[in-house]
Chemist: 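Mind looking over this structure? Questions follow.
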Amino acid sequence: VQLQASGGGLVQAGGSLRLSCAASGRTYAMGWYRQAPGKQRELVAAVRSGGSTNYADSVKGRFTVSRDNAKNTVYLQMNSLKPEDTAVYYCAVGSRWPPRDYWGKGTLVTVSS
């Protein structure tokens, strides 16, 4: 499975960004991780093929993960962004939960204060 992610960039605090990640095949679980400088990679949000989701506590109420099964694409809508959301974001998919079998190249999200 190959992944193609897009949508990162620079945004001011309080702004929004939408990340997209298209997979070459259908998978059970799809999601997003992030890694900030000097920190470990962490799960941000993930969604199962049936639509159920999980979120990191730090993004609940601000981020929304969704998927389009017809397009094998997962999205991450990020609202009310904070400087601490600055990180490289990676999409991941797979048959396990949380998803971690296949990884996309990271996309940088920078939130300025």
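Starting from 1, each residue takes its place in the sequence as its number.
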Chemist: Below 3.5 Å, can you tabulate the donor-acceptor pairs from side chains in residues 6-25 to any protein atom, sequence neighbours excluded?
Modeler:
from	atom 1	to	atom 2	distance (Å)
S16	OG	N79	OD1	2.9
S24	OG	Q2	N	2.8

Chemist: Of all heavy-atom pairs between P99 and A46, which one has the smallest distance, and what is that distance?
Modeler: CD-CB, 3.7 Å
Chemist: Give me each pair satisfying salt bridge (charged side-chain N to carboxylate O under 4.0 Å, His left out) with a member in residues 67-80, each pair once, sequence neighbours excluded.
Modeler: none
Chemist: Can you give me the closest heavy-atom contact between V111 and T86, atom names plus distance?
Modeler: N-OG1, 2.9 Å
Chemist: In terms of hydrophobic clusters joined by side-chain contacts under 4.5 Å, are V1 and W32 together?
Modeler: yes
Chemist: Side-chain donor-acceptor pairs under 3.5 Å in residues 48-58, sequence neighbours left out?
Modeler:
from	atom 1	to	atom 2	distance (Å)
R48	NE	Y28	OH	3.0
R48	NH1	S52	OG	3.2
Y55	OH	V65	N	2.9
D57	OD1	K60	NZ	3.1
S58	OG	R34	NH2	3.3

Chemist: Please list all pairs passing the ring-ring contact (aromatic ring centres under 6.0 Å, His included) test where one or both residues lie in residues 83-105, with sequence neighbours left out.
Modeler: Y33-W103
Chemist: Less than 4.5 Å apart, any side-chain heavy atom of D85 and any of M78?
Modeler: no
Chemist: Grab the two heavy atoms, one from L81 and one from R62, that are nearest each other, plus how far apart they are.
Modeler: CA-NH1, 3.9 Å
Chemist: Is a side-chain N or O of T27 found less than 3.5 angstrom from the main chain of S95, in a donor-acceptor match?
Modeler: no
Chemist: Same hydrophobic cluster for M30 and Y75, using side-chain heavy-atom links shorter than 4.5 Å among ILVMFWY?
Modeler: no
Chemist: When hydrophobic residues are tied together by side-chain contacts of less than 4.5 Å, even through go-betweens, does V47 share a cluster with F63?
Modeler: yes
Chemist: So, using salt bridge (charged side-chain N to carboxylate O under 4.0 Å, His left out) as the criterion, who are the partners of E84 when residues are at least two apart?
Modeler: none
Chemist: I need the full list of salt bridge (charged side-chain N to carboxylate O under 4.0 Å, His left out) pairs touching residues 86-97, with sequence neighbours left out, sorted by first then second residue.
Modeler: R96-D101
